[in-house]
Student: 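I'd like to ask you about the structure that follows.
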Amino acid sequence: MTLDRRQLLLAASFAAPWWRRASCGGDGAVVESRTAPPAPGPSGGLCVGTRGPASAASIEGPPRPPLHPDALARWVDPLPVPAVRTPDGLRPDPHDPGRSIPYHRIAMRESEVRVHRDVPPTRVWTYDGTLPGPTLEVRSGKGLLVEWRNELPAAHFLPVDHGLCGAGPDRPDVRTAVDVHGARVPPESDGYPEDWYGPGGSALHHYPNRQDAATLWYHDHAIGIERLNQYAGLMGMYLVRDDFEDGLGLPSGSREVPLVLFDRMFDAKGQLLYPTSGAPDAPWVSEFYGDALLVNGKLYPYLEVEPRQHRLRVVNASNSRFYLLSLFRSGATVPMHVIGTDQGLLAAPAPLDSFTLAPAERADLLVDFGPAAGESVVLRNQSFELLQFRVKSGTRRSSPVPARLRPATKVAESTVVKTRTLTLNQYRDPKTSGMLMLLNATRWAEAVSESPALDSVEIWRLVNLTEDVHPIHLHLVRFQILDRQAFDADEYLISGAMNLRGDPAPPAPYEAGWKDTVRAEPGMITRIIVRFEGYAGRYVWHCHVLEHAANEMMRPFEVVG
Ligand code: C2O
Ligand code: CU
């Protein structure tokens with residue numbers, strides 16, 4: 001008899017049940033340590049038990065009649081491009097009070113937006129009233145101060161699960177903490193998930209921006225509800241620019257287009273729907289996939305472009321959805337070049353026809369619309385149409401794709417002082433269908449177990465024992481992907497034996513640059529090499545499937561100075 005992977009996971013998880021319900025944050029509750037599957041992490045759990053019922057229930061129909069995006073007219077709304085925000089003034093630089101740096105005061109507030117011409121206004125939560133929020137644009141090495149102000153209502157309009165770690169009934173439903181994803185930032189300005197504040201509260205963050213030009217983005221990170229806050233609309237772009245990048249003469253102005261991608265579900269009145277498990281006291285669902293795929297907050301928008309080269313800066317801001325992006329013109333693929341990843345420019349452009357973008361990953365693209373003069377080009381996710389480029393007719397002006405971008409500096413494996421093996425886990429309770437997802441079998445509230453020394457180099461081996469791809473993100477740092485190696489996960493779950501299969505595969509050229517989020521594939525060991533530079537202090541690493549992160553696929557790490 002052969003067991004499928006799911007049965008094996010069940011069997012392995014429940015050979016030795018090791019969690020039980022306890023209060024979040026620890027009240028002395030002790031959890032049995034686990035014997036199988038093998039876990040190098042510490043035992044002793046805090047926080048709640050599993051959530052349930054699990055994912056299958058999440059697919060059930062929403063209680064309000066849904067909107068069917070397929071029925072909407074395509075290409076009737078122009079693509080909105082979020083405005084670059086003008087600072088509200090200057091303030092002394094906290095690191096150098098003799099100097100002044102730009103200061104922004106950004107309010108989170110409830111607003112209404114139009115996602116489509118034929119859809120009534122949608123209630124959303126925004127930064128500054130727009131979805132996405134305003135773009136923050138900074139120069140590398142030049143600091144920025146942002147006062148993030150929570151001016152949201154006191155009640156959440158999405159289903160808060162009070163049983164999740166950090167979201168207990170003793171806490172306000174509406175809590176926020178802002179993270180600039182990918183920023184090298186002191187810990188007190190990182191938007192640590194526990195550093196939340198409710199309506200009327202605020203936080204002043206200092207972003208020194210001592211990092212290369214890159215496509216960053218900001219979003220909510222409050223523990224236990226970040227998936228709902230981001231779903232409600234709390235996100236925006238943060239672009240770091242520098243002289244090196246300027247020197248490349250890449251397309252700019254109207255030929256540089258930010259594209260923030262996220263999926264949603266709407267009811268017939270245009271209001272956001274977020275599924276629940278069906279259990280009133282445990283509404284958490286294990287992932288979210290909406291049938292409405294928006295670009296910069298619009299459904300099926302169009303953008304008029306010159307028959308010239310353009311730079312597209314793409315962010316996957318979805319809760320759970322992975323995209324397979326490509327461009328089409330009258331049925332044929334339009335070639336593109338990836339010039340940058342999460343943390344900036346590649347060494348050389350990577351030509352391709354399509355590529356995968358996991359939640360929180362970014363891609364910086366060059367596309368030449370010259371050959372499509374007078375026609376239209378459509379951006380697709382697999383076969384779903386997302387955005388139409390209307391290419392003007394007229395003289396096409398071609399600009400070559402630069403042969404070289406930012407010189408690559410490979411982090412040498414000889415400099416590694418520590419290699420950590422960290423498992424990605426998923427547990428199910430067959431009785432309740434409850435679920436729990438963890439990093440290295442360790443719950444959020446357990447003691448810090450990853451404490452790299454400041455400026456040291458480590459390899460992290462992410463051993464994925466689950467059936468899902470998990471986009472793993474480390475705060476503060478940038479890293480390089482070394483390789484992905486297949487192994488026999490079933491055997492490992494049963495006996496603890498690590499049987500490798502085949503040879504390790506290097507990353508695809510388009511993900512071979514500086515990253516801050518990496519796809520850890522099921523049945524693979526994904527190795528990344530990281531220098532922990534910048535600042536000492538407490539940060540987090542987590543899966544960027546937001547539903548997973550909320551159910552404890554998130555852990556602190558501490559850079560020790
Ligand atoms: Cu984009 Cu910790 O997140
Ligand atoms: Cu995950």
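Read the numbers this way: they start at 1 and go in the same order the structure lists the ligands and their atoms. Computed from a prediction, not measured in an experiment: that's the story for all the values here.
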Student: Do you see a donor-acceptor pair shorter than 3.5 Å between the side chains of E194 and W444?
Tutor: yes
Student: Measure the acute angle between the ring planes of Y207 and W148, then classify it against the limits of 30° and 60° as parallel, tilted or perpendicular.
Tutor: perpendicular
Student: Does a donor on one side chain sit under 3.5 Å from an acceptor on the other, for R210 and S140?
Tutor: no
Student: With distance as the sole test, does R362 use its side chain to make a donor-acceptor pair with the main-chain N or O of A360 at under 3.5 Å?
Tutor: yes
Student: Students often mix this up, so state it plainly: with edges at 30° and 60°, are the rings of F532 and F557 parallel, tilted or perpendicular?
Tutor: perpendicular
Student: Does a donor on one side chain and an acceptor on the other come within less than 3.5 Å for T442 and N440?
Tutor: no
Student: Quick check for you: with the Cu ion (ligand 2) as the vertex, what angle do ND1 of H470 and SG of C543 span, to 10°?
Tutor: 130°
Student: Is a donor on one side and an acceptor on the other found under 3.5 Å between the side chain of D179 and the backbone of H219?
Tutor: no
Student: Would you name the N/O/S atom of H219 that lies closest to atom 1 (Cu) of ligand 1?
Tutor: NE2
Student: Any luck finding a side-chain donor-acceptor pair between D220 and T176 under 3.5 Å?
Tutor: no
Student: Atom 2 (Cu) of ligand 1: which protein N, O or S atoms are under 2.8 Å away?
Tutor: H221 NE2, H475 NE2, H542 NE2
Student: Would you mind naming the N, O or S atom of H548 nearest to the Cu ion (ligand 2)?
Tutor: ND1
Student: Got an N, O or S from H544 under 2.8 Å of the Cu ion (ligand 2)?
Tutor: no
